[in-house]
Every structure is written in C-alpha cells, then in structure tokens.
Protein chains: 2
Amino acid sequence: MTTRGARAAGHGARGDLFDPHCPTRQLLDRIGTKWTSMAVKTLADAAPDEVRFAELRRRMPGVSQKMLSVTLRSLTRDGLVSRRVEPTVPPRVFYRLTGLGLSLEAALAGLRTWAEEHMAEIDRANEAIGQEVDEG
Amino acid sequence: MTTRGARAAGHGARGDLFDPHCPTRQLLDRIGTKWTSMAVKTLADAAPDEVRFAELRRRMPGVSQKMLSVTLRSLTRDGLVSRRVEPTVPPRVFYRLTGLGLSLEAALAGLRTWAEEHMAEIDRANEAIGQEVDEG
DNA sequence: CGGAATCCCCTAGGATACTG
DNA sequence: CAGTATCCTAGGGGATTCCG
C-alpha cells in the first residue's frame, strides 16, 4: 500500500520500483484500502440500482464522509464505479458499479468466501502462540 | 491497513472498532500488506518443497530482509506458513505453505486472474481522465 | 447535500547496524 | 545465515471546518 504515488506516473513507465508485470500488487493497492472492498460490496448488493452518497454512507458503518468521498473518487477514476449528478439544489449524486466493477465484485466474492471459511482458523493459530511450549 | 494493532487484542473482543463479522477486512489487512501475497505466491510455486530464507529473498525482487522476516513471521503466526529450523551453524531455516496457506493461494489465484485480465482497463480509465471534456 | 481543504496522528515499511 | 533492534519518512485515514 506504499507505492500509491506511482499511479499518477503510470506504472508502465521505465522508472518502476517494482515489477510492472505484477498487476496483483496494483490491484491489492486498491482493494486493500480500508473502505474500497466494502464500498464495492455495498454497491454490488444494490445493483443494478444506483445509490446516493448519503445512503451509501449509512450502509457502511464507520466510514467517514471524507474517506467515502476519497474511496468513491478513486473507484470512479478506476472505471469501477459510475457517478451521476443531478444538478438540483441541493445536488443529488448517484453511484453504481460499472460492468468492470461488477466483475471485480465477482472476484472478490471468492476471497470473501475463503475469509468466512478460514479466518477462524487464523485466529486460532494466533491464539495458540505462547502455549505451544507447554504442550511440547 | 490501519487497525493492525487490534490483532494482539483479538478482534472478537467487545471494543471492536468495526464489524467483527467482516472477516474479509481482516483478510485484506493481511494480504494487502506489501509483500504477503508475493510471499504466498512464491512459496506456492515451490510447493511442496521447502524454501530457505535467502532463496526466498532472491525470488522476491525488491524485498528487504527485514520486511521478508516480518512478513514470514506474520504468515507463520497466522498458520499459513510452517517454519523449520536446522540448528546447525550457521542455522538453516526453511519455509513452506501449510494446507491453509495453499487454500489461500487458491483463492488469491482468482484475484490474480482478474488483475491480469482487467488492470489494463483500469489504467486506461485513469489515463482517460482529463480528456473526457474534449470529447464532449 | 456532497464534497474539498486542513490538521494531525499512527503505522507500513525502507536503510542501517548489531547478534548468535 | 537468519534474524532482531533502531531510526526515519511517506502516506492512510480520522476529525473538523468550509464551500456551492
């Protein structure tokens, strides 16, 4: 999650710090961000309907308005989310996953399944540390 | 990637900042870390063979010895990687994915595929920013 | 209502040096 | 060889305030 600055430069450029052929790292830089996966999931649950900013915020417990804004802007830039503004006063802004976003959600679903099935094991492994000497 | 400190406390505890029923977030906190996914992949490619520390380091271009160490310790704590020490002088330490680690790799493979197929679109979307006004 | 700007803290993670 | 310990900085992300 460190090389985020490389985005503006375009990571196909010559001066890359890391393997430019590792799209996985790039992807994780995006979805590894605190609220991205939750936003994608929330929008996916609503699809094909659009969701307004405030409503989205309500469905994502704990997110600050700044971070939701930042997250959505990033997703929009990446072409994963579409943004529609109704130029009323006050304005209404709607978000929805694009086709690309939906396909990402499908890929994420796999991870989610794994997490749901196995995170408990990881927790148990962590708790087991420190006891292993006794049991030896 | 921020709430990492919650690990020691055990995220089943009462004081959780976020939904304790979101294992996906926990998982991303792990694999979203800069070197974790690369380490898992590298170990998976070698499986079922063990890999020594230095060899692993060589196969992961750019990783510092500190970060590899930290990453491996974390993976070991999580039960995703097994660690075997030969108490020779100098010592030789071998790493290998556990069954749990291998199953994670399988889940990660899905993400990798998605990334390889679609990161280019994301790049294109990013580059398109700024032109969209011209095109009307 | 949606969001941009500012301030500030905290952690990931790189460089370097030391140990067994 | 395989770490561990220390120092340092860049950036994520929370709170708060201001704007159209």
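As the structure is a prediction and not an experimental result, all values here were calculated from the model.
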Over how many whole Å does the gap from A/Trp35 atom CH2 to D/dG13 atom C1' extend?
10 Å
Can you tell me if B/Arg92 touches the phosphate of D/dG3, counting only side-chain N or O atoms and a distance under 4.0 Å to OP1 or OP2?
no
Integer-rounded Å distance: D/dC18 P and A/Gln65 CD
14 Å
Do the side chains of A/Phe94 and A/Leu72 join up, straight or via other hydrophobic residues, at under 4.5 Å, putting them in one cluster?
no
Check whether any side-chain N or O of A/Thr113 sits under 3.5 Å from a backbone N or O of A/Ala109 as a donor-acceptor pair, and report yes or no.
yes
A/Leu56 has an atom CG; how far is it from atom C1' of C/dG3, in whole Å?
14 Å
Residue-phosphate contact under 4.0 Å: B/Arg52 side-chain N/O, D/dA2 OP1/OP2
yes
Upstream residue (5' side of DNA chain C) when B/Pro90 and A/Val93 are each assigned their closest nucleotide:
A/Val93
Nucleotide nearest B/Lys66 when distance is taken to its side chain, options D/dC7, D/dG13, D/dG14:
D/dC7
Should A/Val89 and A/Val93 be counted in the same cluster of Ile, Leu, Val, Met, Phe, Trp and Tyr side chains packed under 4.5 Å apart?
no
Select base, sugar-phosphate, or nothing to describe what A/Phe94 touches, counting heavy atoms under 4.0 Å on all strands.
nothing
Hey, is the side chain of A/Ser69 poking within less than 4.0 Å of OP1 or OP2 on C/dA4, counting only N and O atoms?
yes
Length of the OH-C1' vector between B/Tyr95 and D/dC1, whole Å
11 Å
Please report the closest heavy-atom contact between B/Ser37 and A/Arg25, naming both atoms and the distance.
OG-NH1, 3.8 Å
May I have the distance from A/Arg84 (atom CZ) to C/dG2 (atom C1'), rounded to whole angstrom?
15 Å
Spell out, as yes or no, whether a donor-acceptor pair under 3.5 Å connects the side chain of A/Thr98 to the backbone of A/Gly101.
yes
Of the nucleotides D/dG20, D/dT4, C/dG13, which one has an atom closest to the side chain of A/Pro91?
D/dG20
Ignoring hydrogens and geometry, is there a side-chain-to-backbone donor-acceptor pair from A/Thr71 to A/Trp35 under 3.5 Å?
no
Considering the terminal five base pairs at each end of the helix from C/dC1-D/dG20 to C/dG20-D/dC1, what angle separates the two local helix axes, rounded to 10°?
40°
Is there a side-chain polar atom (N or O) of A/Lys34 under 4.0 Å from OP1 or OP2 of D/dG14?
yes
When every non-hydrogen atom of A/Leu68 is compared with those of A/Val63, the smallest separation belongs to N-CG2, 3.8 Å
Would you classify B/Arg57 as touching base, sugar-phosphate or nothing, given that sugar-phosphate means primed atoms plus P, OP1 and OP2, and contacts are heavy atoms under 4.0 Å?
nothing
Quick one: is B/Arg83 getting a side-chain N or O under 4.0 Å of the D/dA2 phosphate, OP1 or OP2?
no
With B/Glu50, which of B/Arg83, B/Glu55, B/Arg96 fulfils side chain to side chain contact (heavy atoms under 4.5 Å, CB included)?
B/Arg96
Whole-Å distance, B/Glu55 CD to D/dC1 P, equals 12 Å
If only side-chain N and O atoms of A/Thr88 are considered, is one of them under 4.0 Å from the OP1 or OP2 phosphate oxygen of C/dC1?
no
Atom CZ of B/Phe53 and atom P of D/dC1: how far apart are they, to the nearest Å?
11 Å
Could you give the CG-to-C1' distance, from A/Leu68 to C/dA4, as a whole number of Å?
14 Å
